[in-house]
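What follows is a short report on a single structure.
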Amino acid sequence: MLEIRNLHASVDGNEILKGINLTINKGEVHAIMGPNGSGKSTLAKVLAGHPSYEVTGGEVLYYGKNLLDMSPDERAREGVFMAFQYPVEVPGVSNAQFLRLAYNEKQKHLGQEELDPLEFKDLLKEKAALVEMDASFMTRSVNEGFSGGEKKRNEILQMAVLDPKLSVLDETDSGLDIDALRIVAGGVNKLHDPEKAVIVVTHYQRLLNYIVPDFVHVLSAGRIVKEGGKELALELEERGYDWLKNGANKHTAAPVAS
Amino acid sequence: MSTAEILGNREYKYGWVTDIESETIPRGLSEDTVRLISAKKDEPEWMLEFRLKAYRNWLTMKEPRKWPNIEYPEVDFQDMIYYSAPKQKATKASLDEVDPELLRTFEKLGIPLSEQKQLAGVAVDAVFDSVSVATTYKEKLRKVGVIFCSFSEAVREHPEIVRKYLGSVVPTNDNFYAALNSAVFSDGSFCFIPKGVRCPMELSTYFRINNSESGQFERTLIVAEESAYVSYLEGCTAPKFDRNQLHAAVVELVALDDAEIKYSTVQNWYAGDEDGKGGIYNFVTKRGKCAGRNSKISWTQVETGSAITWKYPSCILLGDNSIGEFYSVALTNHAQEADTGTKMIHLGKNTRSTIVSKGIAAGRANNSYRGLVKIMPKAENARNYTQCDSMLIGSNCSANTFPYIEVMNNTSRVEHEASTSKISEEQLFYLMQRGISQEDAVSLIINGFCKDVFLQLPMEFAVEATRLLGLKLEGAVG
Amino acid sequence: MVTELANEKSAYSSALRDLMKVSGEPSWLRELRGSSFDQFERVGFPGVEQEEWKYTNVALIKRTNFTPVVNSNGTALSKRNGLAPFIYDETRDSTFVFVNGIFRDDLSSCNGLSGVVALDLNDALQISEYERVIRASLERNADGDNNGFELLNTALFAGGLFVKIPRGVNLSTPIQLQFVSEPVKGESPAAAFPRVLIVGEENSAATIIESYRATAEGVYLTNAIVDIVLDEGARFQHYKVQRESAGASHIATTRADLGPKASYDTTTINFGAALSRHDIHVTMDHEGASCSVDGLYMVEGSQHTDTHSVIDHRQPHCTSRQLYKGILDGKSRAVFNGKVFVRHGAQQTDAQQTNKNLLLSSEAQIDTKPQLEIYADDVKCTHGAAVGQLEPDELFYLESRGINPALAKNMLTYGFAGEVIEKIQIESIRRELDEAVLNRLHSDLTIDV
């Protein structure tokens with residue numbers, strides 16, 4: 001589904017990603033972990049097409065097509081979804097209005113039926129139940145006045161409505177208490193199926209107790225320095241990131257003496 | 001494409017000209033012109049006197065060409081036509097007698113006038129250059145006692161009401177352009193809602209300037225008697241001409257005890273081209289008097305057109321407990337300039353006013369809010385709340401806020417807040433990440449910014465206003 | 001009327017003639033005095049038909065036959081006699097005294113200041129290193145933007161002061177500029193024209209206290225200009241405390257130009273004078289500058305006070321904060337006109353402005369006009385203004401705790417002023433203001449309750 005080859009990216013002239021290689025297949029859940037400043041959020045934003053990040057080398061193929069050639073909205077309509085670490089407020093625009101517009105854009109793109117406000121309301125109600133969101137959120141402005149947890153739940157609700165093929169969750173666990181974390185992760189799990197893939201970007205192992213990854217990749221200074229299965233996350237939790245910085249051994253989950 | 005470019009690509013859809021034979025008087029302005037206009041309309045003596053008095057006042061006044069933030073080239077008042085009317089029978093028994101070309105014109109503008117196609121729930125007075133060509137639903141309204149007709153007809157048919165209220169809110173010597181209007185006004189709408197009547201439908205006037213050399217000087221008078229209610233809308237467009245045209249209207253509203261008038265405007269006069277060539281000078285005086293206790297006047301405006309807009313719909317809050325409101329969206333692009341706001345004059349006890357202004361500037365445009373809140377010594381417990389927000393799109397435009405707050409009563413409370421924002425890259429990215437195109441994302445953000453004002457508009461107008469700002473929301477339009 | 005005008009002009013023009021006789025002034029200064037006076041004669045004192053003077057009528061100043069003070073003859077003030085109460089504890093050894101606008105070295109004490117250049121303006125002009133910057137200050141807006149008062153000051157100032165804080169000097173002792181009005185025997189009311197230029201060189205830091213008092217009640221005019229020029233990284237605090245006598249007219253212009261990363265924090269207190277007008281103009285023409293421009297005006301009786309401030313963001317990444325509060329009693333009237341400009345290209349500007357007013361009496365009047373003029377899109381600007389009275393709920397709350405209504409009112413008013421006062425970093429000023437606010441309020445209690 002997704003093929004990242006030797007990806008380099010920079011922001012304001014500073015190179016953040018220094019050659020990322022990653023292959024993601026349908027049905028897989030990948031976790032991208034790493035210390036602060038390692039470039040994991042940058043990777044998420046580059047995949048979504050954030051204008052502040054400049055791709056300086058490499059390529060990204062999505063179903064064989066060059067993802068980097070597409071504008072952010074095209075990527076979204078093609079099924080790439082990013083749950084933001086800091087969801088943005090859009091004053092005066094209601095959640096329902098915004099989501100229906102986004103939903104219909106995608107439907108139009110796929111040549112499928114668009115929904116009128118009433119039909120959409122039913123869809124929204126059904127999806128909102130997934131993340132245990134109250135109907136009153138729908139009439140409120142997008143993210144305005146939402147608590148941190150509400151914003152994150154709203155991100156997953158959008159994911160549920162837009163039904164993406166590839167979801168990138170950027171530090172979705174940050175700022176969540178344990179109950180909200182469980183709701184958010186439960187939503188993601190319910191939405192997952194063998195046709196879809198998920199990339200979970202996170203600093204902590206905590207979220208991975210709920211969304212269990214098939215693969216864990218550890219980023220440090222813009223490169224993947226270690227890869228393994230879900231047990232790698234537990235090891236990181238226990239030992240921290242420091243031991244990886246000192247000449248980590250790639251492609252093995254075995255503990256390395258520090 | 002930048003946000004500014006997106007806005008820049010909006011096209012003016014109403015720029016065409018109707019080919020119709022018109023009767024015009026020679027260009028230029030003199031006492032004879034005033035007499036001629038009055039004679040054309042077969043007016044009574046008192047009406048002519050009103051005009052002449054205004055004309056004589058006007059002669060002594062100076063054209064305020066240099067307004068604090070706006071300068072415009074001198075208007076040659078002798079090089080303008082003050083009366084231009086499509087040739088047709090003077091009085092029309094029914095719409096069938098209206099020139100089909102005129103009917104087609106208004107239909108093309110989205111205002112069908114013929115009996116079969118009339119907008120449900122909205123009575124329309126259609127004004128073409130200097131005259132009203134048709135008014136719909138007149139009879140239906142007459143049955144409940146509401147008078148809705150052209151101003152000329154009102155002068156003929158209801159002189160006692162017109163005489164009582166004309167000039168009672170905006171005196172003939174109020175300002176340069178009001179004086180000019182009082183001397184040469186040609187037509188406009190008149191609404192009278194008698195005591196206790198809630199007008200069963202929206203009343204609206206659609207103004208169309210067609211002649212390239214005429215100015216438009218319409219006059220509107222709305223009177224709501226005790227406990228009456230009316231919601232009135234006005235819309236306006238003009239063809240694209242290279243030369244600037246003057247539109248100097250006067251609108252007077254009077255609300256007696258417990259009456260309410262809601263006045264909405266969607267102003268879309270031709271704004272001139274990208275380089276600022278052509279376009280309408282929109283210099284209007286709009287004022288309402290809350291004369292009675294518990295009366296309420298609410299102005300809502302969406303100003304998107306005109307080369308220069310200079311307009312301060314105001315409320316004189318004379319009656320105790322009366323309420324004044326002003327909700328405004330002003331969008332300026334390219335070389336447009338808007339200096340608009342309101343005056344809330346609190347005279348009565350417990351009077352309240354609310355001002356919500358949203359200014360959007362793009363291109364090289366200049367967008368200013370200028371407003372006065374004045375609390376007079378006897379306005380015990382007066383309250384005002386003002387909120388002015390500006391949005392700048394691109395770095396060559398400007399947004400200014402000039403509130404004047406004058407308080408002479410210590411039991412009153414006045415609050416003013418203003419802020420400036422832009423469409424942030426993060427907001428755009430967020431919306432686009434959800435599959436919304438950049439163009440729609442910009443529209444969505446602007447629409448959200450203006451929401452508090454759009455909510456005040458009647459349904460049909462909210463749709464129109466949204467579309468005007470270049471929005472494609474909810475699939476509501478096109 | 002014609003005679004009055006002639007008198008007024010003759011008093012001012014004869015003062016100009018006297019000043020032209022003083023030897024040693026550079027020729028450009030003589031010319032500047034002459035041209036400023038010519039301009040003044042053309043434009044006169046500002047009138048209410050001018051937008052910037054719409055709410056403040058200076059007809060009384062126009063009508064009064066003031067005698068400009070051009071030398072220090074006829075005054076009796078001495079260090080021991082009458083001056084001490086005006087000097088703050090913190091500035092006992094760092095005070096520059098002016099009497100009727102004229103700098104008096106003999107009354108000043110600057111033992112506590114080392115590394116600071118402080119010279120009579122005339123003496124400083126003899127030093128070519130300083131002449132350029134002084135000339136720039138004196139000639140500022142000479143092409144026509146000055147109002148009648150500013151023109152008259154430039155034409156008639158005598159014995160001003162030049163202060164320079166050299167590069168890197170961090171002055172721990174505040175400097176006080178004490179302006180004293182003292183009646184001149186046998187003369188008509190005096191008109192004083194204080195003129196000061198303060199230069200803060202690179203990375204210098206200092207605190208300036210500018211204070212106006214009178215030795216006796218009386219009618220006089222203070223017409224002052226204080227210019228402040230800050231180089232890169234300079235950090236200045238500036239307090240202006242205006243407590244002129246009840247019959248006085250106080251007109252003052254403060255102009256601060258901030259260099260790159262310079263910071264300028266100022267608080268203006270306006271308590272005195274029958275008529276006061278303060279024009280404060282902060283220009284940020286270099287990146288990274290910041291300012292906070294605060295003030296408190298408290299007027300009663302028939303006092304009139306007017307603040308016109310301009311905060312001019314000309315370059316990117318500058319920050320400004322403004323908080324002005326007003327307390328109005330009796331038949332007093334206050335005007336606040338605050339302009340914030342964000343010029344073309346001044347991206348990343350962060351500007352906030354607030355003006356709040358408390359009307360304590362039914363006859364007081366406030367006219368406030370906060371203004372934003374913004375020509376750049378990537379900026380954060382807000383302003384707000386409010387006019388109100390004490391909150392009945394708050395009064396009731398205090399009363400329900402057993403506090404008598406008069407005291408409750410007093411406490412809340414004091415709390416209103418507190419937001420400005422508590423930011424002042426000179427303890428003596430804070431104490432002085434605390435007392436002044438409480439005392440004044442106390443005296444009002446009998447009238448108001």
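Heavy-atom neighbours of Y86(A) OH from other residues, nucleotides or ligands within 6.0 Å: at or below the threshold of 12. For N66(A), the CG atom sits in a packed shell: over 12 heavy atoms of surrounding residues, nucleotides or ligands are nearer than 6.0 Å. Around NZ of K165(A), the count of heavy atoms belonging to other residues, nucleotides or ligands within 6.0 Å exceeds 12. Counted within 6.0 Å of NZ on K196(A), heavy atoms from surrounding residues, nucleotides or ligands total more than 12; the atom is thus considered enclosed. Heavy-atom neighbours of R352(B) CZ from other residues, nucleotides or ligands within 6.0 Å: at or below the threshold of 12. Remark: K190(A) NZ is packed, more than 12 non-hydrogen atoms of other residues, nucleotides or ligands lying under 6.0 Å away.
Ring-centre distance between F429(B) and Y53(A): not below the 6.0 Å cut-off.
Considering CD1 of I436(B) and CZ of R77(A), their distance stands at 9.5 Å, rounded to 0.5 Å. Here the straight-line distance linking atom CG of D440(B) with atom CZ of F98(A) works out to 12.0 Å at 0.5 Å rounding. How far CD of E155(A) is from OH of Y430(B): 3.5 Å, rounded to the nearest 0.5 Å.
Between chain A and the residues R434(B), K451(B), M432(B), the largest count of heavy-atom pairs under 4.5 Å involves R434(B). Listed options E105(A), M159(A), K45(A), H50(A) were ranked by heavy-atom pairs under 4.5 angstrom with chain B; first place goes to H50(A).
For E78(A), no part lies near chain B; criterion is any non-hydrogen pair under 4.5 Å. Contact annotation for V161(A): neither backbone nor side-chain heavy atoms come within less than 4.5 Å of a heavy atom of chain B. Heavy-atom distances place the backbone of F449(B), and not its side chain, under 4.5 Å from chain A. Of the two parts of P87(A), the backbone and the side chain both hold a non-hydrogen atom closer than 4.5 Å to a non-hydrogen atom of chain B.
Taking every heavy atom of both residues into account, L431(B) and V90(A) meet most closely at CD2-CG2, 4.2 Å. Considering all non-hydrogen atoms of both residues, E426(B) and V88(A) come closest at O-CG2, 3.7 Å. Across G435(B) and A76(A), no two heavy atoms sit closer than the pair N-CB, 3.1 Å.
Side-chain contact, E425(B) with S52(A): a donor N or O sits under 3.5 Å from an acceptor N or O.
Distance alone, capped at 3.5 Å, is enough to place a donor-acceptor pair between the Q433(B) side chain and the V80(A) backbone.
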